[in-house]
Each structure stands twice: as C-alpha cells, then as structure tokens.
2 protein chains.
Amino acid sequence: MAEDVHAVAARRLRRVEQRYTPGRRALVDALIAAGRPVTIGELGAARPHLPQSTTYRNLGVLEQAGVVRRVVGTDEFSRYELAEELTGHHHHLVCVSCGAVEDFEPPSRLERSLDAVIDSVAEDTDFRAESHRLDLLGTCATCRA
Amino acid sequence: MAEDVHAVAARRLRRVEQRYTPGRRALVDALIAAGRPVTIGELGAARPHLPQSTTYRNLGVLEQAGVVRRVVGTDEFSRYELAEELTGHHHHLVCVSCGAVEDFEPPSRLERSLDAVIDSVAEDTDFRAESHRLDLLGTCATCRA
DNA sequence: CTACTTGCAAATGCTTTGCAGGAGA
DNA sequence: TCTCCTGCAAAGCATTTGCAAGTAG
C-alpha cells in the first residue's frame, strides 16, 4: 500500500514539475505511519536536526501537487494528512481539549444526505459547493482519563 | 432582537465577573449587523483608531463568557460570530478562494442524521462527541464573477 | 550543467502581554 | 476607592522568505 502511495505522489509531483526527493518521501512515509492528521512539530520530531522551514516548504509543495491536505482543528497548529484520493473520503474527530484529530468514517447513509444537501444548496443560493467538511467535536480518551 | 442579545450578553459576562462595557457592546452590535463570521480586521474597520489588541482581548472575554464563538475557515484569519445559543444552530459556506464565510441552515432531516451519527460514534469509539461542525467548501458568487 | 532543493537565518504578520492611565460599580 | 478595562508599545510564535551551497536529472 505504501508503495502505491509513493507512486501516486511521484506522479503528481512530476505533473507540477517538482521532484520526489528523499525528504519529501520521508514526509509521506511519516503521514502514512501516522494515519491521522499531524502537526508540523510531530512531523519534525522524527528528525529534530532538520529545519522546520524545509518541512513547511515541502508540505506546501505536496499540497499544491494534491498529495497532502491541510487540516484545521481547534488549536493554533496546522495539521496535515494524505489527500483523500489516497486515503479515501473520511471525517474527523477533533478533541476540544488537546486539539488532537483522528479520522472517522461515517455511515454511507450520512454521506448521501450530505451530498443531497450540497445539491440543494446549489439550487437555493449563489454559492457553488464543491465538497464538505464534517468534524465531530468532543473529548478524546486521553483527555478524559 | 438586538436588545435580547445584549441582555443575554450582559448576563453571561456578569456570570464570569466581567463588565459589559461600551466597547464590548459595540463588538456585539457589529456581530449582529454582520450576520456572518467576520475577521478581526473587519471588526476594526468600523473604528480604525482603536487598537486591535483591545478587540482581541474583548473577543477573548466574550468567548469565555459564551457570547461569541471563534470560527476557523481556510485562510489564516480568525473569524468570530455570536454563539449558537444566540443565533440558532447553523453551518457555514466557506469560500476556498477568498476565505469568506457565510451562514447556512441545513434541512432538519440532515441534522437528525448528524445527531444519529454522533450517537453511533459514541458507541463505537472511545471519543465523546459533544457537537458537530459542518462546512460546505466551494466558491462564493463574488469570486466566481 | 542547469534547475530545483535544502539549510540557515532573518523577516513577516497575526496574536498576546506588560504596564500606566482611565472608567465603571 | 478598588478593581476592571483600555491604549500603547513591545514581545511571542507559527509560518514564510532570501540567499548560498548542495544535489538530482
């Protein structure tokens, strides 16, 4: 599976005339391993000597290429995860206490409702909705302990 | 309606031992007038001479008191709106191009689905969901023009 | 070789904070 | 009068950028 991701990442980077360097590959590996949106700090923890500016820059490039996606939670830190085309459509559980974010896949019935809502909004307003973002806010097990 | 909001705001501030000063009242008025989440910059535009630090501080106080809520969009600016207890439960249309946010009320059928999902998540995971946040992402009329 | 990448360091810009004067209760 | 609030200025901190050296192709 990881190999597939790397193959897609390499292809998408090439499409925007960027290289799939070891540093960028390591970032993608870290995101695969995490399996949830992680902060820049968490990504850098694996390589403390590496300057964060490079991480920021590479995540920016990967985002442009459509390999990763920026996720906003409730705290002041940006989080990143693999793009949905690579992981499948999903939503997030956001801890309002510590800011941690986990993935979560809602029943397909709900997804159909959401899609229907998008269509109806398109009819009722002059806003053109392309996608949706659904987060459940609450407290994670760690913060409740 | 504005008077009701002010009454509630005053009560909530008193509960946390804070005063409902003219500056804070003006903020609440601006939020009522806006009718959508607005940035600090937009709030300050009405009083250019006022230091933004005061705006930040007062919004912080109002947030603690449960009068306003912080809304995160896709850009780097924080936005604020009146708390849902004052405006009613709703969701947001977020423009991915300019970052503007508008309110939107989904059909009650969808809300029931969302509530059901929250309940099922509570059963399936060790995350305790309290509320949800649904944003439709797309482009606003202005950006499409 | 040529262009993209990286590391380092400095800058940027939103947001927060310290402090002294001013206003509410 | 005592506490909270405001204005001003300076500091914080995540994020961005300039520049020179390194490296992929």
Side-chain angles (χ1 to χ4, degrees), chain A residues 6 9-30 37-65 67-80 98-101, chain B residues 6 9-30 37-65 67-80 98-101:
Chain A
H6 288 305
R11 186 163 355 110
R12 298 209 168 181
L13 282 173
R14 220 172 304 123
R15 191 183 304 163
V16 290
E17 317 241 305
Q18 302 274 350
R19 297 170 189 163
Y20 199 35
T21 62
R24 292 172 185 178
R25 190 185 171 95
L27 272 180
V28 171
D29 271 326
V38 288
T39 62
I40 304 275
E42 290 172 311
L43 285 173
R47 281 179 199 63
H49 55 287
L50 221 92
Q52 291 196 327
S53 63
T54 296
T55 305
Y56 276 105
R57 252 188 300 225
N58 281 335
L59 284 174
V61 170
L62 290 170
E63 189 179 21
Q64 303 268 321
V67 178
V68 308
R69 182 172 66 152
R70 186 182 189 173
V71 174
V72 10
T74 55
D75 56 16
E76 64 268 33
F77 302 106
S78 291
R79 286 156 209 275
Y80 286 86
C98 70
V101 182
Chain B
H6 287 306
R11 189 164 352 112
R12 297 207 169 183
L13 282 173
R14 219 173 304 124
R15 193 184 303 164
V16 291
E17 319 242 303
Q18 302 275 350
R19 297 168 189 163
Y20 199 36
T21 62
R24 294 173 183 177
R25 191 184 170 95
L27 273 180
V28 170
D29 271 326
V38 289
T39 63
I40 304 275
E42 290 173 311
L43 285 173
R47 283 179 197 63
H49 55 286
L50 220 92
Q52 290 197 328
S53 63
T54 295
T55 305
Y56 276 105
R57 251 188 299 228
N58 281 334
L59 284 174
V61 170
L62 290 170
E63 188 179 20
Q64 303 268 321
V67 178
V68 308
R69 181 171 67 151
R70 187 182 187 172
V71 174
V72 1
T74 55
D75 57 16
E76 65 268 33
F77 302 106
S78 291
R79 286 156 208 275
Y80 287 86
C98 70
V101 182

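The chains referred to below are lettered A, B, ... by the order of the sequence lines, with proteins before strands, and numbering in each begins at 1. Keep in mind it's a predicted model, so treat the numbers as computed, not measured.
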Would you mind reading off the distance between [X] atom [atom1] and [N] atom [atom2], rounded to a whole angstrom?
X: Arg14(A); N: dC4(C); atom1: CZ; atom2: P; result: 16 Å
X: Glu17(B); N: dC5(D); atom1: CD; atom2: P; result: 10 Å
X: Arg19(B); N: dC4(D); atom1: CZ; atom2: C1'; result: 4 Å
X: His49(A); N: dG7(C); atom1: NE2; atom2: P; result: 7 Å
X: Glu63(B); N: dT16(C); atom1: CD; atom2: C1'; result: 14 Å
X: Leu59(B); N: dC14(C); atom1: CG; atom2: C1'; result: 14 Å
X: Leu13(B); N: dC5(D); atom1: CG; atom2: P; result: 9 Å
X: Arg25(B); N: dT6(D); atom1: CZ; atom2: C1'; result: 19 Å

Between [X] and [N], is there a contact of a side-chain N or O with OP1 or OP2 at under 4.0 Å?
X: Gln18(A); N: dC4(C); value: no
X: Arg24(A); N: dT6(C); value: yes
X: Asn58(B); N: dC5(D); value: no
X: Gln52(A); N: dT15(D); value: no
X: Thr54(A); N: dG7(C); value: yes
X: Thr21(B); N: dC4(D); value: no

Gap between atom [atom2] of [Y] and atom [atom1] of [X] - 0.5 Å precision:
X: Leu59(B); Y: Ile40(B); atom1: CG; atom2: CD1; answer: 4.5 Å
X: Arg57(A); Y: Arg24(A); atom1: CZ; atom2: CZ; answer: 10.0 Å
X: Glu63(A); Y: Arg70(A); atom1: CD; atom2: CZ; answer: 7.0 Å
X: Asn58(A); Y: Gln18(A); atom1: CG; atom2: CD; answer: 9.0 Å

For Tyr20(B), which of His6(B), Arg11(B), Arg14(B) qualifies under side-chain hydrogen bond (donor to acceptor under 3.5 Å, both in side chains)?
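Single pass found, and it is His6(B).
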In terms of the nearest nucleotide of DNA chain C, which residue is placed more toward the 5' end: Ser78(B) or Tyr20(B)?
Ser78(B)
Given the structure, check if the side chain of Arg57(A) and the base of dT15(D) hold any donor-acceptor pair shorter than 3.5 Å.
no
Which nucleotide, dC4(D), dC8(C), dA14(D), lies nearest any side-chain atom of Phe77(A)?
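Selected nucleotide: dA14(D).
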Among dC4(D), dT16(D), dC8(D), which nucleotide sits nearest the side chain of Tyr56(A)?
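Closest nucleotide among those given: dT16(D).
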